Amino acid sequence: MDFFEELRWRGMLKDSTPGVEEAFKAGKVTAYIGFDPTAPSMTIGNYVQIMLLTLLQKSGHQPVVLMGGATGRIGDPSGKDKERQLKSFEELDSNLQHQVKQMEKFLNFTEGDNKAILANNLDFYKEMNILDFLRDVGKTLTVNYMMSKDSVKNRLETGLSFTEFSYQLLQAYDFQMLFKEYGCTVQMGGSDQWGNITSGTEFIRRNLSEKAFAVTTPLLTKADGTKFGKSESGNIWLDPEKTTPYQFYQFWINADDRDSPTFMRYFTLKSKEEVEALEKEYADNPRGLKAILAEELTRRVHSDEDFEAVLKVSELMFNKKVDSEMVKQLDLKTLNAIAKEIPSYQVPKSTLDGQINILDLLTEQTDILESKSAAKRAIKNNAISINKVKATSEDITVSSADLIHDRFLFLDNGKKNKMIIEAV
RNA sequence: GGGGGUGCGCCGCAGUUGGAGAGGCGGGAUGGACUGUAAAUCCAUUGUUUCGGCUGAGUAGGUUCGAAUCCUACCACCCCCA
């Protein structure tokens with residue numbers, strides 16, 4: 001199965017320019033996706049695009065990762081209804097480096113004749129002055145053409161700075177540069193990038209009289225209509241420092257059953273036959289299917305060891321048979337492993353020497369809950385457990401005697417929010 | 001530049017002849033029950049507090065026994081005209 005067919009059955013194909021399918025069939029194609037370093041880590045939203053490159057490389061084509069060292073300084077108006085806040089150069093640089101490191105985990109940059117190429121569009125512009133830009137880049141497209149793009153049209157009412165308006169010129173010129181330097185003929189991206197990508201194919205047609213192609217993926221939406229990639233507590237990052245492997249795993253486990261078919265296609269590297277066989281096998285066990293997905297992704301994005309650890313912790317935390325007595329029997333090694341995975345809070349040991357009120361523990365010593373009222377509410381609603389014992393009254397106190405191994409305290413807020421408090 | 005409108009809890013709306021606001025509806029969110037750590041459904045909660053209160057209708061003043069409501073200035077956003 002070739003790359004294009006692969007995208008099609010996975011449902012990852014939204015639009016493409018004519019001729020691209022033939023181009024992929026004809027031989028090795030070099031294709032790129034751009035990533036602006038607006039955050040210190042990639043999210044699972046970005047991961048859709050990484051999967052595109054992964055699948056591309058797997059089918060023998062050559063991926064190019066273009067980091068937006070320059071475009072990140074400008075801000076892409078696509079899909080945004082407001083002008084962006086500019087980020088400092090230092091922040092962008094450090095973000096870029098983190099993201100490159102993450103990329104290296106998913107693509108092969110070192111071996112083979114289709115090893116991935118890393119480029120930074122800052123290199124295209126840092127020697128360029130404003131006159132060069134206006135003559136060589138700006139002259140290619142008319143303002144009329146640029147204004148017809150959705151990303152611009154949608155902002156005409158609310159406002160769009162010249163800076164963001166110019167973004168599509170940069171992205172278009174990027175494509176032209178990559179075409180010249182690496183023979184890169186395809187740019188891929190999310191469907192919100194369609195306008196910017198086609199500006200690029202237009203550049204190549206006008207300035208180089210060559211043909212280049214665009215491929216976009218549909219915007220991934222969840223069954224409940226909320227934005228993909230966010231949990232209640234925020235973004236799901238690929239960086240274990242920002243989203244622990246446990247939280248990452250839980251994200252997939254907690255996904256809506258109805259999203260499983262989409263997620264299976266978007267995020268696993270399994271073949272069509274394997275996916276379809278699994279779906280048949282797990283038709284009556286949607287949780288099992290999600291577990292398979294969660295496992296594959298946790299192993300790939302984090303590591304085998306992380307997955308093993310996460311699985312152990314998850315089973316322990318969610319096993320209903322685990323009661324107060326059992327958690328007290330846990331050995332120190334296991335506890336330390338758990339503390340690494342689930343959100344943990346450090347509390348000075350001295351504060352636990354006396355009796356500390358549960359409300360103070362929840363609000364003042366930690367920021368598990370934002371106010372005393374919220375803490376009282378949670379207790380009233382039967383949400384809080386300490387060491388697997390429900391807190392039944394707001395007068396309950398905690399002391400060092402409750403600590404397991406003189407160090408840890410399990411705290412649940414609701415069914416899913418498991419935390420550990422560590423006395424230091 | 002001129003004219004008009006809007007501004008309250010996480011969000012969107014109601015609500016005014018000036019009469020008790022922690023306060024209606026809808027959504028969201030959180031918790032609980034049932035399940036499966038899913039969905040749907042149902043229930044509860046949704047400013048804060050030392051449980052006495054305190055704070056609260058864009059901001060700052062003013063009128064008044066009493067202001068979300070009336071007046072003045074300013075700020076922000078929206079609409080119309082130029």
Side-chain angles (χ1 to χ4, degrees), chain A residues 81-83 85 154-160 221-228 230-236 243-264 267 278-279 281-295 297-298 307 310-323 338 341-343 355-386 388-397 410-420:
Chain A
D81 55 5
K82 274 204 288 276
E83 187 80 9
Q85 190 70 38
N154 295 341
R155 289 276 294 277
L156 288 180
E157 295 252 316
T158 52
L160 171 76
T221 50
K222 291 196 285 181
D224 61 7
T226 58
K227 203 176 165 189
F228 172 76
K230 302 240 178 184
S231 72
E232 307 78 54
S233 45
N235 261 319
I236 302 293
T243 299
T244 65
Y246 167 84
Q247 290 165 323
F248 181 86
Y249 179 82
Q250 288 293 324
F251 170 81
W252 299 105
I253 292 291
N254 282 318
D256 194 313
D257 288 357
R258 291 169 295 176
D259 285 323
S260 281
T262 321
F263 290 176
M264 286 298 285
F267 295 105
L278 280 171
E279 280 176 346
E281 187 185 343
Y282 285 91
D284 299 326
N285 180 12
R287 291 170 64 225
L289 194 61
K290 285 193 283 188
I292 289 173
L293 180 71
E295 172 176 346
L297 279 159
T298 309
F307 167 71
V310 160
L311 190 66
K312 246 190 229 155
V313 171
S314 294
E315 277 174 356
L316 191 69
M317 298 312 288
F318 285 96
N319 188 340
K320 290 200 175 63
K321 286 197 198 109
V322 174
D323 60 10
I338 295 173
E341 293 296 341
I342 66 177
Q355 300 276 312
I356 179 168
N357 181 271
I358 184 162
L359 296 176
D360 292 328
L361 183 69
L362 289 167
T363 56
E364 281 166 36
Q365 300 302 322
T366 63
D367 53 1
I368 294 169
L369 290 165
E370 59 282 358
S371 71
K372 292 230 165 119
S373 306
K376 283 186 188 177
R377 222 176 284 140
I379 291 170
K380 204 175 121 214
N381 287 338
N382 237 357
I384 304 292
S385 297
I386 288 180
K388 301 278 168 194
V389 181
K390 284 263 183 242
T392 48
S393 143
E394 53 194 64
D395 299 325
I396 283 178
T397 56
F410 283 97
L411 206 145
D412 298 3
N413 175 17
K415 244 188 312 202
K416 289 187 218 166
N417 308 310
K418 318 278 189 189
M419 285 149 285
I420 200 158

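Throughout, a chain's letter reflects where its sequence line sits, starting with A, and its residues are numbered from 1. These numbers were taken from a predicted model, which means no experiment stands behind them.
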If I pick the C1' atom on B:rC10 and the same atom on B:rG5, what distance separates them, to the nearest angstrom? 25 Å

Can you tell me, in whole Å, how much space there is between the C1' of B:rU55 and that of B:rG9? 12 Å

Has A:S371 got a side-chain N or O lying under 4.0 Å from the OP1 or OP2 atom of B:rU49?
yes

Whole-Å distance, A:I368 CD1 to B:rU30 P, equals 17 Å

What integer number of Å spans the P atoms of B:rU48 and B:rC42? 27 Å

Shortest non-hydrogen pair, A:I396 vs A:A391, comes out as CD1-CA, 3.7 Å

Please give the distance between the C1' atoms of B:rU59 and B:rC77 as a whole number of Å. 15 Å

**Prompt:** If you measure from the Lys or Arg side-chain nitrogens to the Asp or Glu carboxylate oxygens, is any gap between A:K372 and A:E364 under 4.0 Å?
**Reply:** yes

Between A:E295 and A:Y249 the two heavy atoms that sit nearest each other are N-CE1, 4.1 Å

A:L369 CG to B:rA29 P, in whole Å, measures 18 Å

For the residue pair A:F263 and A:W252, categorise the inter-ring angle as parallel (less than 30°), tilted (30 to 60°) or perpendicular (more than 60°).
perpendicular

| request: Between B:rA22 and B:rG56, how far apart are the P atoms? Round to whole Å, please. | output: 13 Å

The glycosidic conformation of B:rG5, counting syn as within 90° of 0 and anti otherwise, is anti

Taking pairs as Watson-Crick (N1-N3 plus N6-O4 or O6-N4) or G-U wobble (N1-O2 and O6-N3), each distance under 3.5 Å, the stems of three or more consecutive pairs with RNA chain B are B:1-7 with B:75-81, B:10-13 with B:24-27, B:28-33 with B:41-46, B:58-62 with B:70-74

Assert: residue with more 5' nearest nucleotide on RNA chain B, out of A:A374 and A:K380, is A:K380

Query raised in the report: Between A:L289 and A:L278, is any pair of side-chain heavy atoms under 4.5 Å apart?
Result: yes

Heavy atoms of A:V313 and A:E341 approach each other most closely as CG2-CG, 4.2 Å

What one should report as the nearest heavy-atom pair of A:N235 and A:T243 is O-OG1, 3.7 Å

Check your understanding: Side-chain N or O of A:K372 less than 4.0 angstrom from OP1 or OP2 on B:rU48?
Key -> no

Heavy-atom nearest pair, A:I342 first then A:M419, reads CD1-C, 3.8 Å

In terms of heavy-atom contacts, A:F410 and A:I420 come closest through CE2-CD1, 3.9 Å

For this session: Identify whether any heavy atom of A:S373 sits under 4.0 Å from a base atom; if not, whether one sits that close to sugar-phosphate; answer base, sugar-phosphate or nothing.
Result: base

**OP:** Using the C1' atoms only, state how far B:rC11 lies from B:rA29, rounded to an integer number of Å.
**Re:** 11 Å

Its contact letters, B for base, S for sugar-phosphate only and - for none at protein heavy atoms under 4.0 Å, make nucleotides 31-43 of chain B read SS-BBBBBS----

Rounded to whole Å, CG of A:L362 lies from P of B:rU30 at a distance of 18 Å

* Pick the C1' atom in B:rA38 and in B:rG27, then give their distance to the nearest Å. => 22 Å

A:I379 CD1 to B:rU45 C1', in whole Å, measures 14 Å

**Asked** Is there a side-chain contact between A:L411 and A:L361, using heavy atoms and a 4.5 Å cut-off?
**Response** yes

Could you tell me how far B:rU17 sits from B:rA67 if I compare only their C1' atoms? Round to whole Å.
14 Å

